[in-house]
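Everything quoted here is computed from the prediction, not taken from an experiment. Chain letters run A, B, ... following the sequence lines, proteins first and then strands; every chain starts at 1.
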2 protein chains.
Amino acid sequence: MTPKGGQTSTLAGRRRQQVTIRHVAADAGVSLQTVSRVINNAPNVRPEVKQRVQSSIDKLGYVPSIAAQRLSGSRSYLILALNDRDRTIADWRERQGADWVDQMLLGGMLKVAEYGYRLMFELVDTHDDHVERELRATLAALQPDGVILTPPHSENVQITSLLQEVGIAFARIGSVQPGAGVALSMDEEEAAAMATRHLADLGHKRIGFISGAPEYSLSNRRVSGWQGEMKRRGLAVKGMLAKGDFSFESGVSATKALLDLKEPVTAIIASNDRMALGALAVAHERGLEIPSNLSLLSFDNTPVVRFTGPPLTAVDQPVADLAALAVEMIIRVLRKQEIPHQPLIVEAGLVKRSSTAPPRAA
Amino acid sequence: MTPKGGQTSTLAGRRRQQVTIRHVAADAGVSLQTVSRVINNAPNVRPEVKQRVQSSIDKLGYVPSIAAQRLSGSRSYLILALNDRDRTIADWRERQGADWVDQMLLGGMLKVAEYGYRLMFELVDTHDDHVERELRATLAALQPDGVILTPPHSENVQITSLLQEVGIAFARIGSVQPGAGVALSMDEEEAAAMATRHLADLGHKRIGFISGAPEYSLSNRRVSGWQGEMKRRGLAVKGMLAKGDFSFESGVSATKALLDLKEPVTAIIASNDRMALGALAVAHERGLEIPSNLSLLSFDNTPVVRFTGPPLTAVDQPVADLAALAVEMIIRVLRKQEIPHQPLIVEAGLVKRSSTAPPRAA
DNA sequence: TTGAAAGCGCTAACAC
DNA sequence: GTGTTAGCGCTTTCAA
């Protein structure tokens with residue numbers, strides 16, 4: 001009595017699953033349960049039966065409904081990637097080439113696919129005083145098996161404690177704080193130190209640093225990395241830290257501050273590409289040639305820095321790797337496998353281009 | 001007997017909905033059915049009852065489970081945005097700044113949110129001989145209410161006929177072909193004509209055109225727009241159409257061909273940014289200054305073209321608008337409202353920057 | 001206008 | 001090893 005499948009309504013009416021577990025069971029001559037066991041790779045199925053069921057599945061083109069799976073108390077095979085709404089939308093609107101979302105999808109989607117999961121990308125409002133309400137609603141509606149948090153959510157206590165409360169596996173990208181959920185981050189300090197080292201090795205002694213928005217903990221870690229390396233080399237840092245907030249404008253004013261010092265800097269490290277573009281604009285405006293008059297190095301390595309004049313040397317953030325690792329960790333948790341209790345640290349890269357060179361008077 | 005909610009297991013165990021329709025019904029002192037009616041804005045509920053139910057919902061923070069809704073034959077409140085796997089992953093990997101995905105998410109996510117839907121982004125393999133199998137599996141697993149197709153899927157008969165067969169509402173972005181699903185597209189012909197007009201108005205007579213990959217129907221439409229405008233102005237087109245395939249390399253060779261003509265072109269329109277970058281490279285290599293020796297205009301207006309030397313004049317594709325419109329059309333279909341039978345056409349923009357100028361010998 | 005019953009497709013728990 | 005039973009949270013009949 002297996003329905004013929006052609007039964008589907010042509011108009012967008014009530015859509016039923018065309019092939020269900022029942023059809024497969026009938027076709028293979030086994031119970032629903034046995035089919036379920038085969039689908040889920042559960043034990044207690046004789047190889048020959050498994051074989052038979054599998055070929056029925058293939059023949060009928062059966063695919064389990066995640067709605068039904070979820071409803072009956074199992075997995076939803078859904079992992080939710082949460083990003084900050086305002087920031088993400090602003091990035092998209094400005095079209096400055098920020099490809100954080102793309103890299104996250106790249107790393108995340110490919111990795112979840114390996115495990116038969118799906119990645120769903122969602123935006124959450126941080127400023128909102130009812131973050132909790134919004135997040136609870138999303139979780140209730142979607143019932144994901146795991147959640148990936150990105151800065152600044154990764155260290156938002158309202159969010160992390162809610163996730164912990166409802167018992168969802170989650171990863172915190174860009175965080176090194178202890179606590180619930182798997183923390184994983186680029187090695188921000190080392191990256192900043194590496195950038196500093198690169199410039200110092202070129203002969204720079206006065207290396208200025210433009211920090212990022214303080215609500216991102218990575219901002220401080222980058223500052224520390226720079227300070228540490230400077231001190232290690234016996235170079236002065238006083239007055240050479242300019243505050244920024246990741247915006248173009250803050251890059252402009254910070255750069256001006258660093259260039260207007262009694263003893264101006266000969267190199268600048270900007271905590272992100274956008275501020276570096278601000279620095280570039282100031283240099284251009286003042287007729288300073290890069291890199292001969294001023295070396296410039298930035299963080300993020302978004303696409304545009306390959307096309308600026310000159311192309312910028314930049315710290316490359318392994319966003320795709322981090323996302324893939326986050327997925328792996330979440331799936332380990334779901335499988336009740338061991339996970340590291342220390343934050344996972346991924347190395348950053350340094351892509352050398354033509355915005356850095358020895359200082360003029362070296 | 002309403003459970004206290006704190007009942008949730010702390011470990012990632014079996015997660016149940018915390019507040020279900022049953023709790024709401026109990027709290028409001030009505031049947032499940034009445035609650036369901038309120039949730040779905042169905043008729044036959046007295047205002048006072050509706051009120052009472054609604055306040056219970058708010059009080060308990062109830063959110064319907066889409067899994068359960070879907071399973072019982074209703075909406076999934078999910079719209080699937082399908083992109084070409086190979087192309088998308090290649091774009092992401094290359095980090096050339098292609099922000100098609102971002103713009104699509106921008107337009108799509110904001111719009112679905114207005115209607116209480118969610119957008120899910122998925123990749124589908126076109127080359128695969130089992131597209132149908134793959135797509136069927138995705139549809140069966142996710143059970144979306146609607147699907148958004150992008151080029152080249154928009155005109156892939158295997159895909160469109162499958163969607164029609166299973167009766168899912170869908171929109172085809174970048175297509176003007178008649179057939180099932182709502183077709184909506186940028187006005188490619190007019191955009192190319194506009195680009196041509198811009199250059200002709202500057203005084204160019206020999207305007208070369210680099211076409212895109214032929215499997216994208218928009219490639220031909222762009223060529224037609226250019227040809228049409230050239231003819232309208234009595235300008236020759238013979239030999240000035242160079243074939244490309246949207247790759248950087250094809251932009252390079254096409255540009256060389258156009259510059260190596262007995263009478264070289266004085267302006268080039270590239271069918272996408274990447275090929276324009278190829279053209280830029282050739283110009284640089286040959287010591288041709290842009291725009292004084294050669295004007296260059298591209299399609300797409302991806303972020304990088306603002307940062308090239310010089311920044312490129314470009315046709316702006318309103319991807320976010322198209323995605324938003326696609327969502328609107330799908331929801332109209334779901335609500336059984338009327339939809340246009342003609343393809344919907346969205347106007348393109350032309351962003352003038354410094355890569356176009358009057359020809360030298362004008 | 002409201003409610004009760006049945007069932008969507010699947011899995012957990014238990015029986016055999 | 002395998003099958004049976006019950007039920008996930010909701011919506012759709014259909015009855016009151």
Mind calculating the distance between [atom1] ([X]) and [atom2] ([N]) to the nearest angstrom?
X: B:Leu71; N: C:dA6; atom1: CG; atom2: P; value: 18 Å
X: B:Asp145; N: D:dT11; atom1: CG; atom2: P; value: 13 Å
X: A:Ile57; N: C:dC10; atom1: CD1; atom2: C1'; value: 13 Å
X: A:Arg75; N: C:dA12; atom1: CZ; atom2: P; value: 9 Å
X: A:Ile21; N: C:dC8; atom1: CD1; atom2: P; value: 13 Å
X: B:Gln143; N: D:dT11; atom1: CD; atom2: P; value: 15 Å
X: A:Arg22; N: C:dC10; atom1: CZ; atom2: P; value: 8 Å
X: A:Ile66; N: C:dT11; atom1: CD1; atom2: P; value: 12 Å

Requested in this report: State whether A:Trp92 and A:Arg87 meet the cation-pi test: NZ (Lys) or CZ (Arg) under 6.0 Å from the six-membered ring centroid, and within 45° of the perpendicular axis.
Outcome: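 So A:Arg87 doesn't make the cation-pi contact.
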
Could you go through nucleotides 2-6 of chain D and list every protein N or O atom that sits under 3.5 Å from one of its N or O atoms, giving the distance for each pair?
| from | atom 1 | to | atom 2 | distance (Å) |
| --- | --- | --- | --- | --- |
| D:dT2 | OP1 | A:Arg46 | NE | 2.8 |
| D:dT2 | OP1 | A:Arg46 | NH2 | 2.7 |
| D:dT2 | OP2 | A:Arg46 | N | 2.5 |
| D:dG3 | OP2 | A:Ser31 | N | 3.0 |
| D:dG3 | OP2 | A:Ser31 | OG | 3.1 |
| D:dG3 | OP2 | A:Thr34 | OG1 | 2.5 |
| D:dG3 | N7 | A:Arg37 | NH2 | 2.8 |

Taking [X] first and then [Y], would you say they form a salt bridge - that is, a charged N and a carboxylate O separated by under 4.0 Å?
X: A:Glu122; Y: A:Arg85; answer: no
X: B:Lys111; Y: B:Glu328; answer: yes
X: A:Glu338; Y: A:Arg332; answer: no
X: B:Arg70; Y: B:Asp145; answer: yes

Given 3.5 Å as the limit, does a donor-acceptor pair link the side chain of [X] with the main chain of [Y], or not?
X: B:Ser76; Y: B:Gln143; value: yes
X: A:Ser154; Y: A:Ile173; value: yes
X: B:Arg37; Y: B:Ala42; value: no

**Report entry** N/O (side chain, B:Tyr62) to phosphate O (OP1/OP2, D:dC10) under 4.0 Å
**Finding:** yes

Query raised in the report: OP1, OP2 of D:dT11 versus side-chain N and O of B:Ser36: anything below 4.0 Å?
Result: yes

Query - Residue B:Asn40, side-chain atoms from C-beta onward, closest of D:dT11, D:dC10, C:dT11 - result: D:dT11

Requested in this report: Determine, step by step, whether A:Asp125 and A:Val131 satisfy the side-chain contact (heavy atoms from CB on, under 4.5 Å) criterion, reporting the C-alpha distance in whole Å, the side-chain angles of both residues, the deciding distance to 0.1 Å, and the verdict.
Outcome: CA-CA 6 Å; A:Asp125 214 324; A:Val131 197; over 6 Å; no

**Report entry** Axis deviation across the helix from C:dT1-D:dA16 to C:dC16-D:dG1, five-pair ends, to the nearest 10°
**Finding:**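 What I find for the helix from C:dT1-D:dA16 to C:dC16-D:dG1 is an axis angle of 30°.
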
